[in-house]
Amino acid sequence: MPNYKYRVVDKTGTEKKGNIAAPDLASATQSLRGEGNLVLGVEEPSVLDKDITLPFRARVKTRDMAVFCRQFVTLVNASVSIVRSLEMLEDQTQSKLLKQAIHETRVSVEKGNSLADSMRLNEDLFTPMFVNLVAAGEQAGKMDTAFTHMADHFEKTAKLQATVKKALIYPVILSIVALIVIIVMLTYIVPMYTSMFEQMDTALPPVTMFVVGLSNAFINYWFVIVAVIIAIILAARTFGRTDKGKHFFDMAKLRVPIMGTLNQKRACAELSRNLATLIGSGISIMRSLEITGQTMTNIIYSDLMETCKDQVGRGIQLHVPLQQSEVIPPMIYHMVGIGEETGAMDSMLEKAADYYEEEVQQATEQAAAALEPMVIIFMALVVIGIIAAVYAPMLTMYSSIGSL
């Protein structure tokens, strides 16, 4: 659907500019007028004005979502109407994707729909957890509470993501440098000695023959190597889209050395935080389990939430299926059991989430600390191996000459 550049004066007399998606120019003009605007002009945007469509899926930063929620709470508490609040947030939001979502939500609310139903128009941005919290807030007359819960959720998620990225960036850079060094040595350094090896009237050591063969393969058949790597990646992605593939890769993420423990703790922190937020907002345990399952990024935990929902529906306490699972540590199901006995489930889950978020930070730092020397040692061994392979024939030759 094409975008059209518009210039209007809204109900408050403020001149506004922007882009609107519509089937044609007439539809765009009609849509703007239907919102109560005085249309000053609608035209197709120039090449410089058009939004660039990238081949990958755009995302809204978690911090942008947190800011949106905080600002909405401030406006609502100041007795600003929902429509006016959304309009003001639409004007000041920098993210184009979030701006469009807010615009569509505002238009839907103006047509008489509830805020929760309007937010469902953008399910990729406003998650089921977000929408259901807003619905519960609308019913209870506590809209600010719902958005405050989501703001807290987004802020803690953003902090966790930032911690992981900060800790792992150095090992990633080291890995890239190691790969570049290996490629340069195989494609530039080793070939400098290859002709000399060919002139030697002596048998080359096995390690030298291996390195020379690897170098020739990189130089002469690099396109085959690249094609094989691409084929493997595409095959893995295709397999990963299947149900069996999702379970295989997500379980592997929990069992891989070093990173497996980190991934498990991140999933436990996410599960505990989501359940605590939903239950604390007055949503039933059954619905909370369902929504949490939908929001989990690891399918193993999504399946676990579905299992928990089925067993709780049959009258079994929640801590029982959690205890029977292999991916839930004892602390969580013990905390849940205490919460069930005391009636403070959300509080217990909140504490568990706080604990595992701190554990994620520590586990991330430990993983980074373990990966850094491993990458350095690996790079050193490879470089030393290549150097040894290059100099081994010369040492053999010098040794033979010295024995004459």
Side-chain angles (χ1 to χ4, degrees), residues 116 123 127-137 139-140 142 145-146 149-150 152-153 156-157 160 242-255 260-360:
E123 292 182 348
T127 62
M129 177 179 172
F130 198 165
V131 173
N132 280 275
L133 282 178
V134 172
Q139 293 175 3
K142 298 180 179 179
T145 303
H149 279 313
M150 285 308 304
D152 293 338
H153 174 81
K156 291 177 180 179
T157 300
L160 201 60
T242 64
D243 185 68
K244 186 176 181 180
K246 290 177 182 177
H247 283 82
F248 174 81
F249 286 118
D250 282 356
M251 181 57 75
K253 292 176 183 177
L254 302 176
R255 293 180 176 177
T261 301
L262 173 60
N263 290 329
Q264 184 179 21
K265 289 180 178 180
R266 287 185 65 183
C268 289
E270 182 184 2
L271 184 149
S272 301
R273 180 68 63 195
N274 292 351
L275 268 179
T277 302
L278 291 164
I279 295 174
S281 299
I283 297 176
S284 67
I285 181 66
M286 296 290 288
R287 183 59 178 156
S288 296
L289 291 170
E290 180 182 356
I291 297 170
T292 300
Q294 295 172 355
T295 58
M296 294 300 297
T297 54
N298 191 304
I299 196 171
I300 304 301
Y301 289 91
S302 297
D303 290 347
L304 174 60
M305 290 296 95
E306 189 65 29
T307 300
C308 290
K309 178 186 173 184
D310 292 340
Q311 295 200 26
V312 170
R314 295 199 297 267
I316 300 175
Q317 289 187 315
L318 177 58
H319 77 274
V320 175
L322 292 177
Q323 185 174 0
Q324 294 171 348
S325 172
E326 298 179 355
V327 295
I328 296 296
M331 180 181 178
I332 290 185
Y333 58 73
H334 284 318
M335 295 288 277
V336 170
I338 294 172
E340 289 174 322
E341 292 178 5
T342 61
M345 177 83 75
D346 57 331
S347 177
M348 292 295 102
L349 286 169
E350 192 78 25
K351 293 178 180 178
D354 291 338
Y355 172 81
Y356 277 102
E357 284 170 358
E358 293 180 3
E359 284 287 298
V360 167

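The shown structure was predicted, so the numbers you read here are calculated from the model rather than taken from an experiment. Just so you know, these numbers use all the heavy atoms, side chains as well, and skip hydrogens, waters and symmetry mates.
Side chains of Leu318 and Met345 form a contact here, defined as non-hydrogen atoms less than 4.5 Å apart. For the pair Ser272 and Tyr355, the minimum side-chain heavy-atom distance is 4.5 Å or more.
For the pair Ile283 and Asn132, the tightest heavy-atom approach, listed with the atom from each and the gap, is CD1-O, 3.7 Å. Nearest heavy atom pair, residue Met150 against residue Phe130, reads CG-CD2, 3.5 Å. Among all heavy-atom pairs drawn from Cys268 and Ile332, the shortest one is CB-CD1, 3.5 Å. Here the closest heavy-atom approach between residue Gly280 and residue His149 is recorded as O-NE2, 4.4 Å. In terms of heavy atoms, Asn274 sits closest to His153 at OD1-CE1, 2.8 Å. The shortest non-hydrogen separation linking Cys308 to Leu322 is SG-CD2, 3.7 Å.
Atom CZ of Phe249 has more than 12 heavy atoms from other residues, nucleotides or ligands within 6.0 Å. The environment of Glu123 atom CD is sparse: at most 12 non-hydrogen atoms of other residues, nucleotides or ligands sit within 6.0 angstrom.
Annotation: the span from Leu278 atom CG to Ile285 atom CD1 amounts to 9.5 Å, rounded to 0.5 Å. Taking CD1 of Ile338 as the start and NE2 of His319 as the end, the distance is 10.5 Å to the nearest 0.5 Å. Taking CG from Asp346 and NZ from Lys351, the interatomic distance works out to 10.5 Å, rounded to the nearest 0.5 Å. Note: Leu304 CG to Glu326 CD = 11.0 Å, rounded to the nearest 0.5 Å. Separation of atoms CD (Gln323) and NE2 (His334) is listed at 6.5 Å; rounding is to 0.5 Å. For the atom pair CE (Met348) and CG (Leu275), the distance works out to 14.5 Å, reported to the nearest 0.5 Å.
Side chain of Tyr301 to main chain of Val327: a donor-acceptor pair is present (N/O by atom type, distance under 3.5 Å, no hydrogens or angles). Remark: the backbone N or O of Gln294 is not paired with any side-chain donor or acceptor of Ser302 at under 3.5 angstrom. Within the 3.5 Å criterion, the main-chain N or O of Gly337 finds no donor-acceptor partner in the side chain of Gln317. The closest donor-acceptor contact from the side chain of Asp250 to the backbone of Asn298 lies at 3.5 Å or more, if one exists at all.
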- Check step by step if side chain to side chain contact (heavy atoms under 4.5 Å, CB included) holds for Thr292 and Met129. CA-CA 7 Å; Thr292 300; Met129 177 179 172; over 6 Å; no
- Message: The test is side chain to side chain contact (heavy atoms under 4.5 Å, CB included); show your working for Arg255 and Met251 and say whether it passes.
- Response: CA-CA 6 Å; Arg255 293 180 176 177; Met251 181 57 75; 3.4 Å; yes
- Message: Run the side chain to side chain contact (heavy atoms under 4.5 Å, CB included) test on Ile299 and Asp243 for me, step by step, so that the C-alpha distance in whole Å, both residues' side-chain angles and the decisive distance to 0.1 Å come before the verdict.
- Response: CA-CA 9 Å; Ile299 196 171; Asp243 185 68; 4.0 Å; yes
- Verdict with reasoning, Arg287 to Glu290, per side chain to side chain contact (heavy atoms under 4.5 Å, CB included): CA-CA 5 Å; Arg287 183 59 178 156; Glu290 180 182 356; 3.1 Å; yes
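A salt bridge does not link Glu270 with Arg273: none of the charged nitrogens is closer than 4.0 Å to a carboxylate oxygen.
Among Lys265, Gln264, Arg266, the single residue meeting the side chain to side chain donor-acceptor pair (under 3.5 Å) criterion with Glu359 is Lys265.
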